[in-house]
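Computed from a prediction, not measured in an experiment: that's the story for all the values here.
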Amino acid sequence: MIRLSAHHQIELAPQYQELADDPPDHDHVILTLARKMANDQPLIQGDLVVAGIQTRQRYALADAYPVHFRKTYYPTCFHQHPDVEYRNHALASEILASPPPIGSTRTSFRSCFIPGRPMDRLLPLGEPPERGLMPARDADPLALVGFWKILEEVHAQVARLHARGLAHGDLVLHNVVVSMAPLGAYLVDFEQARLRDEAASAEEWTAIVDADFIHIFRQALHIQCTLGRQAGALADAALAALPRLFPDMASRFLEAIGTGARF
């Protein structure tokens, strides 16, 4: 077993364990996790790597967690300096006690790898439509209850970030990883994160904060159409945002939520 962070560990195949124990000079790619292209030119690539000697010498955490995530930015990609992503990710890790970033250069960013699945791949209802109701009467109620609990955890984490003056900036459900062991939800990809002090005005900061919650609230509203009205901070905040998210359908949502739980 090899540690991925203070929270996670995995068992490596023998050939990768040998590389972790006796590293080469340069990183070795275990698996390419994501690749963004434009006009047949690479923009960004995300890899799971075994850190080489040079990487371990450069970053202390790369020695502690030699198997980690490395994001590479190519010259054709216009992006802010990865040092900014590192700063914002480090602040988020401090606030949430989540796995930290490992390091950055002008063209790369490294962080602890969280084994799990993106939240959008676990949706018990699928991706709700932008407009319209979708109460899933045939959905497994236990799956909906489990997903609701994860949504509550994510909502609480985002609220804690905002209270400390940090917004995620790109909080689609794909940027929430659900780990099974130990069970938990983790926010990832702080490339577009924003600090409250960097906002041009209080109104701009409010808009940034509101945008962080859109996908969480949409899921919360649709799940309540099936489970029925829930209690707690997430349920209250999602209902308060209903007129803004679905201005032409608020009354229909309220009716569906009030008549949910038909299992």
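For the pair Pro124 and Asp140, the minimum side-chain heavy-atom distance is 4.5 Å or more. The closest side-chain heavy-atom distance from Trp148 to Gln230 is below 4.5 Å. With a 4.5 Å cut-off on side-chain heavy atoms, Gln45 and Thr32 count as touching. When side chains are defined from C-beta on, Val188 does not count as touching Val176, because their heavy atoms never get closer than 4.5 Å. Side-chain contact between Pro100 and Leu61 is present, with at least one heavy-atom pair separated by less than 4.5 Å. You'll find the side chain of Pro101 reaches within 4.5 Å of the side chain of Ser93, heavy atoms only. Side-chain contact between Pro23 and Arg56 is present, with heavy atoms from C-beta onward closer than 4.5 Å. Residues Asp83 and Ser104 have side chains in contact (heavy-atom distance under 4.5 Å, counting atoms from C-beta outward).
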Step by step, would you call Arg70 with Thr72 a side-chain contact (heavy atoms from CB on, under 4.5 Å)? CA-CA 6 Å; Arg70 184 191 69 192; Thr72 302; 3.6 Å; yes
Can you check side-chain contact (heavy atoms from CB on, under 4.5 Å) on Val67 and Leu4, steps first, answer last? CA-CA 6 Å; Val67 175; Leu4 299 173; 3.8 Å; yes
Run the salt bridge (Lys or Arg N to Asp or Glu O under 4.0 Å) check on Arg196 and Glu204 step by step: do they pass? CA-CA 9 Å; Arg196 179 168 49 210; Glu204 182 184 35; over 6 Å; no
Gln219 and Leu173: side-chain contact (heavy atoms from CB on, under 4.5 Å), yes or no, with the steps? CA-CA 10 Å; Gln219 285 288 337; Leu173 298 184; 3.6 Å; yes
Start with the C-alpha gap between Leu43 and Arg35, add the side-chain angles, then the distance that decides, and say whether side-chain contact (heavy atoms from CB on, under 4.5 Å) holds. CA-CA 8 Å; Leu43 298 178; Arg35 181 184 292 116; over 6 Å; no
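Under 3.5 Å, the side chains of His162 and Asp212 contain a donor-acceptor pair of N or O atoms. Judged purely by distance below 3.5 Å, without hydrogens or angles, the side chains of Ser179 and His8 pair a donor atom with an acceptor atom.
One N or O on the side chain of Ser5 and one on the backbone of His7 form a donor-acceptor pair closer than 3.5 Å. A donor-acceptor contact shorter than 3.5 Å links the side chain of Thr206 to the backbone of Ala202. Although no hydrogens or angles enter the test, the distance criterion places a donor-acceptor pair under 3.5 Å between the side chain of Arg3 and the main chain of Ala6. A side-chain donor-acceptor contact under 3.5 Å links His168 to the backbone of Asp189. The backbone N or O of Gln41 sits nowhere less than 3.5 Å from a side-chain atom of Asn39 that would complete a donor-acceptor pair. Between the side chain of Gln224 and the backbone N or O of Ala220, at least one donor-acceptor pair lies under 3.5 Å.
Under a cut-off of 6.0 angstrom, the local environment of CZ in Arg121 is sparse, with at most 12 non-hydrogen atoms contributed by other residues, nucleotides or ligands. Within a 6.0 Å radius of CD in Glu11, no more than 12 heavy atoms belonging to other residues, nucleotides or ligands are found. For CG of Asp25, the number of neighbouring non-hydrogen atoms (other residues, nucleotides, ligands) closer than 6.0 Å is greater than 12. Open room surrounds CZ on Arg252; 12 or fewer heavy atoms of other groups in view lie less than 6.0 Å from it.
Ring to ring, His81 and Tyr73 are not that close: their centroids are 6.0 angstrom or more apart.
Minimum interatomic distance between Phe253 and Cys225 (heavy atoms only, all atoms of both residues): CD2-SG, 3.6 Å. The two residues Phe113 and Phe69 have their closest heavy-atom pair at CB-N, 4.1 Å. Residue Ile150 comes nearest to Ala185 through the heavy atom pair CG2-CB, 4.1 Å, listed as atom of the first residue, atom of the second, then distance. A pairwise comparison of heavy atoms in Pro66 and Asp63 identifies CD-O, 3.6 Å as the closest pair. Shown here for Ile216 and Val158, the closest heavy-atom pair between the two residues is CD1-CG2, 4.1 Å. Tyr74 and Pro42 get closest at one heavy-atom pair: CB-O, 3.3 Å.
The aromatic rings of Phe217 and His155 sit tilted, their planes meeting at an angle between 30° and 60°. Ring geometry for His28 against Tyr16 counts as tilted: the plane angle lies between 30° and 60°, on a 0 to 90° scale. Using bins of under 30°, 30° to 60° and over 60° for the plane-to-plane angle, the ring pair Phe190/His89 lands in the tilted bin.
Note: His215 NE2 to Leu245 CG = 10.0 Å, rounded to the nearest 0.5 Å. Between the CD1 atom in Ile223 and the CZ atom in Phe147 there is a gap of 5.5 Å [rounded to 0.5 Å]. The CD1 atom of Ile208 sits 10.5 Å away from atom CG of Leu166, with the distance rounded to the nearest 0.5 Å. Annotation: the span from Leu48 atom CG to Ile30 atom CD1 amounts to 4.5 Å, rounded to 0.5 Å. With rounding to the nearest 0.5 angstrom, the CG atom of Leu187 is 10.0 Å from the CZ atom of Arg160. Between the CZ atom in Arg117 and the CE atom in Met180 there is a gap of 6.5 Å [rounded to 0.5 Å].
Of the residues listed (Leu239, Leu227, Thr226), the one engaging Ile257 in a side-chain contact (heavy atoms from CB on, under 4.5 Å) is Leu239, and it is the only one. Among Arg110, His68, Gln54, the one residue that satisfies the side chain to side chain donor-acceptor pair (under 3.5 Å) test with Asp27 is Arg110.
Under a hydrophobic clustering in which Ile, Leu, Val, Met, Phe, Trp and Tyr are joined whenever their side-chain heavy atoms come within less than 4.5 Å, directly or via other members, Leu31 and Ile10 fall into the same cluster. In this structure, Ile95 is a member of the same hydrophobic cluster as Val154, with clusters built from ILVMFWY side-chain heavy atoms closer than 4.5 Å. Neither Leu12 nor Val29 shares a network with the other; the hydrophobic side chains, linked directly or stepwise wherever heavy atoms of I, L, V, M, F, W or Y lie under 4.5 Å apart, form separate groups for each. Using a 4.5 Å cut-off between side-chain heavy atoms of Ile, Leu, Val, Met, Phe, Trp and Tyr, with links allowed through other members, Tyr59 and Val84 fall into different hydrophobic clusters. At a threshold of 4.5 Å between side-chain heavy atoms, the hydrophobic network of Ile, Leu, Val, Met, Phe, Trp and Tyr places Leu221 and Leu254 in one connected group.
Between Arg87 and Glu94 there is no salt bridge, since none of the side-chain N atoms of the basic residue sits less than 4.0 Å from a carboxylate O of the acidic one.
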